[in-house]
Each structure stands twice: as C-alpha cells, then as structure tokens.
Amino acid sequence: MRIRPGGVRDIATFTRLVNAHNQWLRGEDLWREDELSAALISTSGDPVDNDRYVEVDGEVVAALHVQTSEPYTKGTFTLAIPPIGDREAVIRLLLDAGERIVRAHPQLSSTSPIDMLVPREDTELIHVATNAGYRVLQKVTMLEADVFDAPAANPPADVDVVTFSVTRDLDAGYEVIRRTFPPDLGAWHMSRPNYEYCMRNDPTALPGLSIIARDTEGPVGLALNFLDTTREQSGFTAALGVLEHRRGEGIGRAIALESFDRFRARGWQHARMATILGKALDDDDYGFYTDLGMQPVYDDLVLVKD
C-alpha cells in the first residue's frame with residue numbers, strides 16, 4: 001500500500017471512486033466528471049495536487065480531496081473509499097494525510113476545525129473517524145418530491161419571483177447566500193469565489209433553473225437549482241434561503257414551488273433538496289418540506305474535528 005499526491009489527471013479516477021463509494025451504499029452515482037471538476041475540484045479551491053490517492057499493487061483504491069478555500073476558517077474533506085480490503089487502515093491513512101495538509105496551510109491555524117460529510121450508512125468510516133477525534137456535528141437529510149403533484153407558487157403580492165441571471169443577479173444572489181448561510185453553518189457555507197465559480201462553470205447549473213425573489217428594497221430570497229446527476233429526471237435545489245426579516249410569509253414556499261415548475265417544464269419528474277434541521281440526529285420535523293410534498297430519502301452526517 002502506498003499513498004501519493006493527486007493531480008489534474010486524477011479527476012476521472014476520483015469520479016470513479018466516489019461513485020463506487022456511493023453506489024455501494026445507496027445504489028446511485030454521486031458526481032459526473034465535469035460536474036466534479038467544476039464544483040469540487042476547481043480553481044476556486046485548492047490545487048488538486050493537495051489530494052491524496054491510495055494505491056494497492058499499482059491500482060488506485062481510495063482517495064481524499066482536501067478543500068481549504070476562502071474564508072480560510074476550516075478544512076473540508078471529501079473521502080472516496082469504496083469497499084476494499086483493510087478499509088479501516090486506508091481510512092486512517094487518508095485522514096492523517098489530510099490533516100497534515102490542513103495543518104500546513106499558511107492561512108489556517110493549528111487549531112482550525114476540519115469537517116466532512118459522511119453517508120450515515122457508512123458506519124465503518126464514522127467509527128474510524130470518531131476514534132480519531134471527530135464528532136458528529138449535525139445531520140443533513142436529503143428529501144425528494146414528485147414535482148407533478150406540486151401546486152402552483154403563490155408569493156406575497158409585493159415579491160417578484162423571477163429567473164436568476166448570472167450576468168444580472170450574481171451580486172444580489174450572493175448577498176442572500178451570505179446572510180442566510182453564514183460560516184458557522186459549516187458545510188453549508190459557500191464562499192464568494194466558490195459560489196461564483198460554481199454558478200459560472202458547473203455544467204449542471206443550467207440557465208433558467210435558479211430563482212431569485214425581490215421586494216421593493218432588493219433581494220429577499222434565492223434558490224440555486226441544478227440538474228441532479230444522482231437521480232434520473234431530477235432537479236436539485238442546492239440552496240434555498242430567505243432573509244430573516246421576510247421569513248414566515250410564504251416566500252420560501254413560493255421559491256421552492258417555482259423551482260419545481262422549472263423542473264417540470266424540462267420533463268423532469270423529481271426534485272431533491274438537502275436540509276439541516278438542527279444539531280440532534282433525531283430531529284425529524286420536516287413540516288415545511290412535507291407540505292411541499294417532499295419526503296426523506298437518506299441522511300449524511302457532518303463530522304468535525306475541532
């Protein structure tokens with residue numbers, strides 16, 4: 001067994017490994033190669049030679065992507081470890097290597113936290129990580145709806161719900177992201193460079209899918225929507241946010257239902273969305289989402305090492 005740095009040539013390899021990992025646990029691919037290149041291994045993050053690949057008898061069997069992008073408050077790991085022999089040892093090897101990369105980063109301190117999103121079904125990875133000092137921070141639940149059963153959107157009279165335009169709405173959209181998904185939300189925070197790069201370059205960020213809501217004073221809500229590559233005929237809402245002073249008025253519901261309408265217009269049948277309800281793993285009050293016709297599909301856990 002040997003570990004080596006990654007490179008641009010390894011994006012196809014990482015895609016294969018992360019999809020094999022997810023297929024093993026959930027029967028779904030997780031990324032397309034072009035999507036992975038834009039959204040995860042991108043020029044807005046760190047160079048891919050910071051990544052690590054494990055080889056056994058000359059074959060790459062597992063990998064780790066390390067991201068430490070702006071605002072440089074933490075490191076984030078993405079692990080791709082399908083079922084292999086001595087898997088626990090491979091997990092420990094990659095976690096140790098990733099932590100060394102983060103600790104050596106010139107803009108991070110030795111006490112900067114590290115987090116990662118782990119499928120709840122991967123009990124082996126969770127066990128090894130918790131033994132290495134990681135703890136479960138929160139649960140992220142993926143929900144799904146049949147968009148053909150969804151009612152029409154009905155926003156408040158003073159709010160316009162319109163198509164998000166990269167050329168017109170990039171600044172306004174990030175203002176909503178910044179105020180509704182701050183850095184203390186961990187894996188949910190999106191830095192400005194990552195947001196802009198993703199909206200301009202992710203091949204699944206199809207024009208006409210994303211939604212912005214405005215009142216007379218400016219933007220008040222946003223839905224960033226993408227083609228979902230894990231589920232056929234599906235759209236994915238990666239971020240749904242409403243500014244605090246306009247919550248409880250039906251704006252979030254209207255944005256979500258308008259998103260479903262965009263998916264339906266393309267002939268897609270399903271909508272997916274991920275959400276964090278709170279810190280407890282037994283938080284299951286999905287009232288807002290079930291009212292939209294959404295039901296839980298699976299859970300991921302955010303693990304953090306402080």
Side-chain angles (χ1 to χ4, degrees), residues 1-7 9-31 36 40-41 45-46 48-68 74-105 108 110-142 186-187 230 274 279-282 297-306:
M1 183 188 301
R2 66 181 288 264
I3 189 167
R4 64 164 175 82
R9 69 187 183 282
D10 290 306
I11 292 176
T13 301
F14 196 98
T15 307
R16 172 179 63 81
L17 291 169
V18 79
N19 285 340
H21 189 170
N22 211 59
Q23 281 282 352
W24 169 52
L25 295 171
R26 294 172 174 166
E28 299 177 341
D29 283 346
L30 190 61
W31 296 95
L36 180 75
L40 186 64
I41 304 176
D46 290 293
V48 292
D49 57 7
N50 271 355
D51 294 350
R52 293 295 179 264
Y53 289 78
V54 175
E55 295 181 352
V56 175
D57 297 328
E59 179 185 358
V60 179
V61 298
L64 167 76
H65 175 65
V66 181
Q67 190 167 14
T68 56
K74 64 184 178 71
T76 297
F77 293 169
T78 300
L79 288 159
I81 311 178
I84 50 176
D86 205 5
R87 189 168 183 262
E88 287 195 9
V90 172
I91 294 170
R92 288 194 297 269
L93 180 66
L94 287 172
L95 289 178
D96 289 344
E99 289 176 20
R100 287 195 296 272
I101 291 170
V102 172
R103 300 304 176 218
H105 194 284
L108 289 169
S110 61
T111 58
S112 295
I114 298 169
D115 67 21
M116 55 184 165
L117 199 66
V118 177
R120 194 170 190 172
E121 302 93 328
D122 199 339
T123 54
E124 185 177 37
L125 199 165
I126 294 167
H127 172 74
V128 174
T130 52
N131 283 344
Y134 291 80
R135 61 182 174 85
V136 177
L137 177 65
Q138 54 200 178
K139 176 181 71 173
V140 180
T141 299
M142 182 68 72
T230 67
K279 299 290 186 180
L281 297 188
D282 59 355
V297 179
Y298 54 74
D299 294 331
D300 290 312
L301 300 181
V302 179
L303 273 61
V304 64
K305 188 171 187 176
D306 298 307

For Phe14 and Ala80 the tightest heavy-atom approach is CZ-CB, 4.2 Å

Kindly say whether Val304 contributes a backbone atom to a donor-acceptor pair with the side chain of Lys74 at under 3.5 angstrom?
no

Could you grab the distance from atom CG of Leu137 to atom CG of Asp115, nearest 0.5 Å is fine?
8.0 Å

Contact between Trp24 and Pro82 at the side-chain level, heavy atoms closer than 4.5 Å - yes or no?
no

Spacing of Trp31 atom CH2 and Leu36 atom CG [to the nearest 0.5 Å]
6.0 Å

Take Lys305 and Met116, measure what side-chain contact (heavy atoms from CB on, under 4.5 Å) needs, and give me the verdict at the end.
CA-CA 9 Å; Lys305 188 171 187 176; Met116 55 184 165; over 6 Å; no

Option passing side-chain contact (heavy atoms from CB on, under 4.5 Å) with Val140 (candidates Asp299, Val118, Leu117):
Leu117

Between Arg135 and Asp306, does any side-chain N to carboxylate O distance fall below 4.0 Å?
yes

Intermediate values then yes/no, side-chain contact (heavy atoms from CB on, under 4.5 Å), Asn19 and Leu17:
CA-CA 5 Å; Asn19 285 340; Leu17 291 169; over 6 Å; no

For Asp300 and Thr141, indicate whether the former's side chain and the latter's backbone hold a donor-acceptor pair under 3.5 Å.
no

Would you find a donor on one side and an acceptor on the other, under 3.5 Å apart, between the side chain of Ser112 and the backbone of Leu108?
no

Looking only at atom types and distance, does a side-chain atom of His65 sit under 3.5 Å from a main-chain N or O of Asp51, one as donor and one as acceptor?
no

The reported gap from CG in Asp122 to CG in Leu301 (rounded to nearest 0.5 angstrom) is 10.0 Å

Are any of the side-chain nitrogens in Arg92 or Asp86 under 4.0 Å away from the carboxylate oxygens of its partner?
no

Minimum heavy-atom distance between Ala129 and Leu95, given as atom pair plus value:
CA-CD1, 4.1 Å

Any heavy-atom pair between the side chains of Thr78 and Leu64 that's under 4.5 Å?
no

Taking 4.0 angstrom as the limit, do Asp10 and Arg4 come out as a salt bridge?
yes

Audit row: Asp29, Gln23, side-chain contact (heavy atoms from CB on, under 4.5 Å) steps and yes/no
CA-CA 6 Å; Asp29 283 346; Gln23 281 282 352; 3.0 Å; yes

Glu99/Arg103 ion pair, N-O < 4.0 Å
no

Between Gly98 and Phe77, what is the shortest heavy-atom contact and its length?
C-CZ, 3.2 Å

Distance col, row Gln67:CD vs Ile101:CD1, nearest 0.5 angstrom, shows 13.0 Å

What's the shortest heavy-atom distance between Met1 and Val54, and which atoms?
CG-CG1, 3.6 Å

Check whether any side-chain N or O of Asn22 sits under 3.5 Å from a backbone N or O of Val18 as a donor-acceptor pair, and report yes or no.
no

Can you name the nearest heavy-atom pair linking Ala62 to Leu94, along with the distance?
CB-CD1, 4.0 Å

Step-by-step side-chain contact (heavy atoms from CB on, under 4.5 Å) determination, Leu125 to Leu79
CA-CA 9 Å; Leu125 199 165; Leu79 288 159; 3.9 Å; yes

Test: Arg26 cationic atom under 6.0 Å from Tyr298 six-membered ring centre, within 45° of axis:
yes

For Ile11, does its backbone N or O pair with a side-chain atom of Arg16 as donor and acceptor, under 3.5 Å?
no

For Gly75 versus Thr68, what's the shortest heavy-atom pair and its separation?
CA-CG2, 3.9 Å

